[in-house]
Amino acid sequence: MSQSDDCLFCKIVAGEIPSTKVYEDDTVYAFKDIAPKAKVHVLIVPRKHYANAAELAAADPGTLAHIVEVAQHIADDAFHGAFRLVFNTGEDAGQTVFHVHAHVLTGQKFEE
């Protein structure tokens, strides 16, 4: 998989659309969500385009594991290591951008 010309997150990763970077490496790019649902709400996206978490897991499970590691790093910096990690996979599950992305929610105590 590579960059998709019409993908919002591919354009953010490429620097064509501005974002507030939180973390980046050769595999992933993490940035603040523009409509946060927690005190800290960061999106982690792989640099390569995959439509959803299931597609990523099948094609590149190492990147999926790396996303979890990066989420832990963000939570360690923002809120003593506790975090909620959410992947919406499919339109009926609330996915609106079809480039896999993990929502890292932290910075506060969550109820169940």
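The shown structure was predicted, so the numbers you read here are calculated from the model rather than taken from an experiment. Quick note: numbers below take in every heavy atom, side chains included, and nothing from hydrogens, waters or symmetry partners.
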Hey, can you pull the donor-acceptor pairs under 3.5 Å for the side chains in residues 57-77, sequence neighbours left out?
residue, atom, partner, partner atom, Å
D60, OD1, T63, N, 3.3
D60, OD1, T63, OG1, 3.3
D60, OD2, T63, OG1, 2.6
H66, ND1, E69, OE1, 3.4
H66, NE2, D25, OD2, 2.6
Q72, NE2, D76, OD1, 2.8
Q72, NE2, G81, O, 3.1
H73, NE2, D77, OD2, 3.4

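The cluster map of Ile, Leu, Val, Met, Phe, Trp and Tyr, joined by side-chain heavy atoms under 4.5 Å apart, puts L43 and L8 in the same cluster. Grouping the Ile, Leu, Val, Met, Phe, Trp and Tyr side chains by contacts below 4.5 angstrom, directly or via other members, places V86 with F110.
For K32, the side-chain contact (heavy atoms from CB on, under 4.5 Å) partners at least two apart in sequence or on another chain are T20, V22. Under the ring-ring contact (aromatic ring centres under 6.0 Å, His included) criterion, F31 pairs with F9, Y29, sequence neighbours left out. Contacts of D33 classified as side-chain hydrogen bond (donor to acceptor under 3.5 Å, both in side chains), with partners at least two apart in sequence or in another chain: H41. For K21, the side-chain hydrogen bond (donor to acceptor under 3.5 Å, both in side chains) partners two or more places apart in sequence, or in a different chain, are E24.
Nearest heavy-atom pair, H99 versus C10, reported as atom, atom and distance to 0.1 Å: ND1-SG, 3.4 Å. In terms of heavy atoms, N88 sits closest to H103 at ND2-NE2, 3.9 Å.
Counting heavy atoms from C-beta outward, V40 and L105 have side chains that stay 4.5 Å or more apart. I44 is not listed as a side-chain neighbour of H101, based on a closest heavy-atom distance of 4.5 Å or more.
Under a 4.5 Å side-chain heavy-atom cut-off, the cluster of Ile, Leu, Val, Met, Phe, Trp and Tyr residues that includes F98 has no other member. Counting side-chain heavy-atom gaps under 4.5 Å among Ile, Leu, Val, Met, Phe, Trp and Tyr, F79 is found in no cluster with other residues.
Side-chain atoms of E55 do not come within 3.5 Å of backbone N or O of V100 as any donor-acceptor pair.
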**OP:** Go through V13 and H49 one step at a time and tell me if the side-chain contact (heavy atoms from CB on, under 4.5 Å) criterion holds.
**Re:** CA-CA 10 Å; V13 168; H49 182 92; over 6 Å; no
**OP:** Check the pair I12, V45 against side-chain contact (heavy atoms from CB on, under 4.5 Å), reporting the backbone distance first and the verdict last.
**Re:** CA-CA 10 Å; I12 289 173; V45 301; over 6 Å; no
